[in-house]
Amino acid sequence: MPHSIKHYLRPNYVLGATAAIAIVAVVGVFAYTSRKPAGSYVTATEGPIVEEVDTTGTVKAAESLDLAFQAGGRIAYAGPTVGTHVSSGATLATLSAADQQATYEQAQAALKVQEANLASIRSGTRPEDIAVSQAAVSGAQAVLAQSKQALIAAAQDAYIKSDDAVHNKADQFFNNPRTSYATLVITMSDSQAQSTIVNQRIALESLFSSWQQMSNALPQDPNQVDVNALAEATRSNLSQVSAFLDQTAAGLTKAVPTTQYPTATIQAYQSAIAAARANVSANSSALAAALTAEKNAESSLATAQSQLRLKQAGATSDQIAAQEAQVAVAQANVDAAKAQLGKTVISAPISGTITVNNAHAGEIAPTGSPVISMISDSQFQFGAYVSQADLAKLQQGQKATVTLDAYGSPLSAHVVTIDPAATIKDGISTYKVTLQFDGTDAHVQSGLTGSSVITTQSKENVLSIPTSAIITRGTAHFVMRQSGSGDEMVPVTLGISSRDGMTEIVSGLSPTDRIRAFGVQQ
């Protein structure tokens with residue numbers, strides 16, 4: 001007879017069942033915890049990488065296209081007339097784009113400089129390069145010495161011209177000008193101005209005395225001269241002399257002619273002071289120019305010395321990575337400048353016929369307002385939708401392939417339009433992208449579904465690793481790099497990612513680094 005439930009609830013049965021369950025749990029925990037995280041290591045690879053956007057869509061009948069400038073400006077070229085057949089890529093209208101063209105060319109030049117710097121760093125420092133840098137330092141030192149000498153000469157000339165301005169030109173109408181009892185030989189209608197001029201003249205005498213002492217005490221070697229202190233003192237002295245001459249020039253307009261000092265004599269004094277003011281003003285400008293030249297020479301020497309030290313020390317992996325990042329930044333600037341330049345041109349996205357042309361040379365075209373319309377030669381297009389994340393990667397003209405579900409062979413196409421407004425599909429914001437088939441195919445019919453692959457970027461000779469090896473924390477990215485003491489987490493800068501699970505590393509790794517690829521290892 002079967003045992004009752006009470007029979008199985010006896011203590012010996014309960015203890016036995018509990019022990020069995022505990023053993024099973026321990027074995028299960030051991031089996032689970034003994035599974036290790038991915039332990040395979042991979043080496044970062046160098047080579048090409050292609051960024052693509054995948055999406056699905058439907059074939060539709062081709063529609064007419066309304067084309068507009070993506071930037072506002074004055075129309076330079078009004079394009080073909082209505083009824084003209086144009087090929088894909090043909091220029092239909094342009095804006096005046098001198099600024100955008102200059103920015104693009106500057107960005108290209110900057111990229112070449114950064115690429116040349118990277119090539120130089122990678123190739124290592126040759127003795128010839130060090131010799132060139134040493135010569136550059138010597139040349140910069142010579143230029144600095146010359147600029148210091150020129151600054152000293154400008155300061156000395158300022159003293160000579162100021163001395164002439166006061167002691168020769170202004171002292172003509174002073175009694176006892178070089179003493180504390182100096183007085184004017186002429187009378188001015190403004191007694192306050194007359195008193196000010198006399199006081200200023202008396203004060204200048206001690207200024208010239210200290211100025212001459214400073215000039216006489218200058219070392220013969222320009223490199224021993226504190227040019228900054230010399231320039232500042234000379235500038236202060238010139239300012240006081242200039243203030244005296246300005247006050248004197250204004251006072252002479254109020255001079256009262258007398259029999260001994262008639263109008264003609266006063267006018268002669270005025271001419272002398274005018275010449276003195278011009279000389280002092282020229283000295284001030286010359287001093288400022290000489291000081292600027294000396295500062296530039298100091299900066300050039302510091303740069304030359306830095307370059308020499310850099311070449312003598314040789315490049316480190318961090319320096320190479322940093323320069324690679326500079327190249328990437330310069331390339332991004334080129335791409336951005338090219339994009340801005342492209343906004344000033346309307347190009348035919350497809351082959352077809354112009355149906356509307358409202359562009360007129362010399363008129364101002366507003367941003368986004370259609371000015372040219374055309375119909376396509378092709379019969380069908382492919383409409384698809386992409387996410388907001390992929391939208392930023394897309395541009396008109398990008399190449400694509402379309403594989404229809406009914407047929408296996410991919411068909412070449414390219415992006416012709418990208419809707420700026422979102423379309424809500426299944427509660428998610430998506431953006432419509434229209435692809436134009438590059439050729440005609442009898443298999444293509446309206447309503448057929450398929451998938452497309454749009455190539456957004458491609459790069460050659462870049463460093464890439466499996467995307468699964470990347471650890472993301474907030475906005476920062478890391479990888480686990482193998483080292484002698486175990487794995488170490490290192491920050492990396494990411495570039496583009498490919499469909500096959502690879503991601504470009506802009507900086508942070510070298511081709512010889514081995515990193516951990518994550519997964520589950522039994």
Enter the distance from [X]:[atom1] to [Y]:[atom2] here, rounded to the nearest 0.5 Å.
X	Y	atom1	atom2	value
Gln192	Lys254	CD	NZ	10.0 Å
Gln114	Asn333	CD	CG	9.5 Å
Gln106	Leu111	CD	CG	13.5 Å
Ser458	Ile49	OG	CD1	10.5 Å
Met480	Glu488	CE	CD	8.5 Å
Thr344	Ile75	OG1	CD1	12.0 Å

Checklist entry - Taking the six-membered ring for Trp, are Tyr159 and Trp211 parallel (under 30°), tilted (30 to 60°) or perpendicular (over 60°)? => result perpendicular
Quiz question: by atom type and distance under 3.5 Å, do the side chains of [X] and [Y] form a donor-acceptor pair?
X	Y	value
Tyr104	Gln108	yes
Asp513	Ser510	yes
Ser464	Glu504	no
Gln331	Asp335	yes
Tyr41	Arg514	no
Asp163	His167	yes

For the student: nearest non-hydrogen atoms of [X] and [Y], plus distance:
X	Y	result
Ala182	Phe174	CB-CD2, 4.4 Å
Thr234	Ala158	CG2-CB, 3.7 Å
Ser242	Val280	CB-CG1, 4.1 Å
Ala255	Ile266	CB-CD1, 3.7 Å
Ala469	Ala517	CB-CA, 4.3 Å
Leu252	Ile273	CD1-CG1, 3.8 Å

Item to check | Working for salt bridge (Lys or Arg N to Asp or Glu O under 4.0 Å), residues Lys169 and Asp164 | outcome: CA-CA 7 Å; Lys169 292 182 171 60; Asp164 175 71; 2.5 Å; yes
Item to check | side chain to side chain contact (heavy atoms under 4.5 Å, CB included) between Leu308 and Ile130, intermediate numbers included | outcome: CA-CA 7 Å; Leu308 175 59; Ile130 294 178; 4.0 Å; yes
For the residue pair [X] and [Y], establish whether any side-chain heavy-atom pair is separated by less than 4.5 Å.
X	Y	result
Gln146	Leu144	no
Val53	Val453	no
Met502	Pro466	yes
Thr248	Phe173	yes
Val345	Tyr77	no
Met489	Ile471	yes
Phe244	Leu204	yes
Tyr431	Ile418	no

Under the 3.5 angstrom rule, does the side chain of [X] hit a backbone N or O of [Y] as a donor-acceptor pair?
X	Y	answer
Ser299	Lys295	no
Glu205	Ile202	no
Thr103	Asp99	yes
Gln326	Ala321	no
Gln194	Met188	yes
Asn168	Ala165	no
Asp221	Asn223	yes
Glu460	Gly47	no
Ser369	Pro366	no
Thr258	Tyr261	yes

Checklist entry - Is the count of non-hydrogen atoms from other residues, nucleotides or ligands lying under 6.0 Å from Lys459 atom NZ greater than 12? => result yes
Checklist entry - Take atom CD in Gln388; do more than 12 heavy atoms of anything else shown fall under 6.0 Å from it? => result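 For Gln388, atom CD is not crowded (no more than 12 foreign heavy atoms under 6.0 Å).
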Item to check | Electrostatic pair Arg235-Glu232, nearest N-O below 4.0 angstrom | outcome: yes
Item to check | From CA spacing to verdict: side chain to side chain contact (heavy atoms under 4.5 Å, CB included), Leu394, Val433 | outcome: CA-CA 9 Å; Leu394 299 180; Val433 178; 3.6 Å; yes
Checklist entry - Taking only residues two or more places apart in sequence, or in another chain, which ones meet Asn175 in a side-chain hydrogen bond (donor to acceptor under 3.5 Å, both in side chains)? => result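 With sequence neighbours excluded, Asn175 shows a side-chain hydrogen bond (donor to acceptor under 3.5 Å, both in side chains) to no residue whatsoever.
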Item to check | Sequence-distant partners of Thr503, side-chain hydrogen bond (donor to acceptor under 3.5 Å, both in side chains), two or more places apart | outcome: Thr467, Ser497
Checklist entry - Would Ile186 and Val256 satisfy side chain to side chain contact (heavy atoms under 4.5 Å, CB included), going step by step from the backbone distance to the final call? => result CA-CA 7 Å; Ile186 57 176; Val256 179; over 6 Å; no
Next on the checklist: Between Phe478 and Val492, is the side chain to side chain contact (heavy atoms under 4.5 Å, CB included) condition met? List the steps.
Outcome noted: CA-CA 6 Å; Phe478 306 86; Val492 293; 5.8 Å; no
Checklist entry - Yes or no on side chain to side chain donor-acceptor pair (under 3.5 Å) for Glu51 and Thr456, after CA distance, side-chain angles and deciding distance? => result CA-CA 6 Å; Glu51 180 185 68; Thr456 56; 2.7 Å; yes
